[in-house]
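Since this is a predicted model, take the numbers as computed values, not measurements. Just so it is clear, the values below take in all heavy atoms, side chains as well, and ignore hydrogens, waters and symmetry mates.
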Protein chains: 2
Amino acid sequence: MKTAKAKSRKIATASSANTRAVAGSAGGATSAQTGRPAKPPNRAERAAQRREAIITAGLDEFTARGFAATRLDDVARRAGVAKGTIYLHFKDKEALFQELVRTALVPLIGNLAAAPAAGGSVRDILERFAETFVREIAETKRGDIVRLIVAEGARFPSLADFYFREVVSRGLAAMRKLIESGIARGEISNARLADFPQIVVAPALVAVMWHGLFGRHAPLDAVAMLKVHLDLIFGERRVS
Amino acid sequence: MKTAKAKSRKIATASSANTRAVAGSAGGATSAQTGRPAKPPNRAERAAQRREAIITAGLDEFTARGFAATRLDDVARRAGVAKGTIYLHFKDKEALFQELVRTALVPLIGNLAAAPAAGGSVRDILERFAETFVREIAETKRGDIVRLIVAEGARFPSLADFYFREVVSRGLAAMRKLIESGIARGEISNARLADFPQIVVAPALVAVMWHGLFGRHAPLDAVAMLKVHLDLIFGERRVS
DNA sequence: CAAATATGACTGACTAGTCAGTCAAATTCA
DNA sequence: TGAATTTGACTGACTAGTCAGTCATATTTG
């Protein structure tokens with residue numbers, strides 16, 4: 001843990017730093033689109049690809065084993081890279097872990113922020129959100145990340161803080177707005193719900209946990225559950 | 001794993017050592033409750049106490065660091081015992097971990113089973129249960145165990161299975177009974193709730209997670225939240 | 001005192017992080 | 001243009017440690 005003393009190194013190499021800059025700009029170019037027939041990756045592009053590969057491999061390994069039990073040798077092998085290469089891109093194991101969570105969560109933030117954009121009743125918005133959440137998060141690798149946060153968050157306060165700031169508080173703020181809108185429109189009768197947006201999200205989180213822990217033995221119809229929960233919030237409107 | 005080589009040890013130094021032993025035993029004598037005037041612990045009792053101490057220490061260490069990062073040296077020190085002693089009581093680290101979770105969960109099962117015993121309306125029962133849950137679990141070390149299950153459950157399928165069998169399925173079954181009773185009594189209008197007892201429990205679980213991850217920075221009035229949630233389930237009954 | 005217990009120094013397996021050297025790509029030069 | 005030179009991304013053997021589990025020795029008990 002607290003190994004790596006300050007050391008007396010001074011890092012003659014003024015280089016290194018620019019790697020980040022180049023990688024960052026090239027990051028957008030990444031792989032993905034293959035419409036192009038010829039693709040001669042230059043140095044910066046290859047570096048960005050490597051970085052990407054390390055993050056992806058790290059995601060797989062960390063979600064499979066947790067932070068402490070993950071071996072960087074395995075991450076390197078899975079990424080098709082030498083172990084030392086990891087340290088060209090990330091300061092240490094923890095930095096990789098944080099960057100990985102960071103990267104994987106940006107899309108989540110996007111989703112949460114975009115939800116209110118669509119029109120319709122608040123109930124419709126939440127119903128759509130529930131379906132999207134189950135399909136895109138609870139039952140995918142993104143769900144593993146959420147579980148990873150819950151699992152390791154207590155051991156990485158800075159990670160928990162980041163997650164709270166960037167995802168939880170924003171998500172809850174958006175949800176509160178939505179609830180207030182529902183109250184104003186007369187869709188939601190209990191005004192106190194706006195005090196605890198967590199209530200609306202809770203079953204979705206339980207769905208994520210359930211899927212990861214018990215999903216194989218006792219599958220849960222998460223979408224159906226979330227709809228029943230919405231019935232509680234908005235009052236039943238089953239067609240029966 | 002596959003150790004057990006021949007070895008070529010010799011160790012001439014038989015010196016010192018015993019001084020430490022005396023100090024160690026003196027420290028271990030500690031113990032807590034001294035209400036009893038005479039206490040002649042025989043061999044079996046002392047062994048049981050040791051075992052207990054190891055489990056308690058293990059609980060503290062595992063909840064603080066997770067499975068992989070916990071050192072048995074620390075567990076031993078915290079228990080006031082030598083490391084070897086742990087192996088007199090448990091086959092290995094994993095056995096200690098499982099036994100510890102097992103032991104710590106028995107009380108939880110008791111709580112869940114006892115809930116319906118008390119009389120009153122279903123709403124009253126659940127309200128009492130919510131208060132108890134927050135006071136005795138969410139904000140105590142028991143909550144850490146729940147988080148520990150979520151954290152390590154994916155890595156220990158047998159542990160997740162045990163937890164599901166012994167706690168989750170029983171707890172949900174009891175909750176379903178309660179919900180059905182509420183429906184029969186006319187307290188709960190949405191009959192579909194009985195299909196998803198998870199919904200009733202979800203905010204309580206969120207409270208546990210919240211307390212562990214964000215509690216220090218953003219405290220959550222869990223009891224108030226759970227009551228609002230009960231308002232959703234039973235219909236408002238705020239005196240206003 | 002012999003048996004039962006407890007101890008903690010020790011071992012071996014394993015791993016995070018380092019760094020001197022390599023070589024393909026980029027750049028400069030003639 | 002194409003040979004010479006420079007760059008820096010990448011490698012992987014290596015260092016310095018960590019820690020689960022063992023066992024010879026010491027202590028306690030009946």
Colleague: When you check the gap from the basic side-chain N to the acidic O, do B:R128 and B:E131 get nearer than 4.0 Å?
Modeller: no
Colleague: Angle between ring planes, A:F129 versus A:F133, binned at 30° and 60°: parallel, tilted or perpendicular?
Modeller: tilted
Colleague: Can you tell me the distance, in whole Å, between the OH atom of A:Y87 and the C1' atom of D:dC14?
Modeller: 14 Å
Colleague: Roughly how many Å is it from CZ in B:R51 to C1' in C:dA6, rounded to a whole number?
Modeller: 17 Å
Colleague: Quick one: list whatever passes side-chain hydrogen bond (donor to acceptor under 3.5 Å, both in side chains) with B:D74, sequence neighbours left out.
Modeller: B:R71, B:R77
Colleague: Just how far, in rounded Å, is P of C:dG17 from CD1 of A:I86?
Modeller: 10 Å
Colleague: Heavy atom of residues 69-81 of chain A under 4.0 Å from DNA chain D: which residues?
Modeller: A:V81
Colleague: Check the distance between D:dC19's P and B:R65's CZ and give it to me in whole angstrom.
Modeller: 10 Å
Colleague: Could you tell me how far apart A:K83 (NZ) and D:dA16 (P) are, to the nearest whole angstrom?
Modeller: 15 Å
Colleague: For A:D161, check salt bridge (charged side-chain N to carboxylate O under 4.0 Å, His left out) against everything at least two apart and list the hits.
Modeller: none
Colleague: Within the structure, does a side-chain N or O atom of A:T85 lie under 4.0 Å from either OP1 or OP2 of D:dT11?
Modeller: yes
Colleague: For the pair made of CZ in A:R46 and P in D:dC10, what is the distance, rounded to whole Å?
Modeller: 7 Å
Colleague: Would B:R170 and B:E166 pass as an ion pair if we require N to O under 4.0 Å?
Modeller: yes
Colleague: Tell me, please, which residues at least two apart from A:A64 pass side-chain contact (heavy atoms from CB on, under 4.5 Å).
Modeller: none
Colleague: With A:F97 as reference, evaluate A:T70, A:L148, A:D92 under the side chain to side chain contact (heavy atoms under 4.5 Å, CB included) test and give the passing residue.
Modeller: A:L148
Colleague: Please list all pairs passing the side chain to side chain donor-acceptor pair (under 3.5 Å) test where one or both residues lie in residues 55-64 of chain B, with sequence neighbours left out.
Modeller: B:D60-B:R78, B:D60-B:K141, B:E61-B:R65, B:E61-B:R78
Colleague: Tell me the interatomic distance from A:D92, atom CG, to C:dT18, atom P, rounded to whole angstroms.
Modeller: 9 Å
Colleague: Could you check whether any side-chain heavy atom of A:I199 comes within less than 4.5 Å of a side-chain heavy atom of A:H229, counting everything from C-beta outward?
Modeller: yes
Colleague: What's the CD-P distance between A:E61 and C:dT15, to the nearest Å?
Modeller: 12 Å
Colleague: With 3.5 Å as the limit, what N/O pairs link the protein to nucleotides 3-5 of chain C?
Modeller:
| unit_1 | atom_1 | unit_2 | atom_2 | d |
| --- | --- | --- | --- | --- |
| C:dA4 | O4' | B:R43 | NH2 | 3.2 |

Colleague: Distance check: side-chain N/O of B:K93 vs OP1/OP2 of D:dA20, anything under 4.0 Å?
Modeller: yes
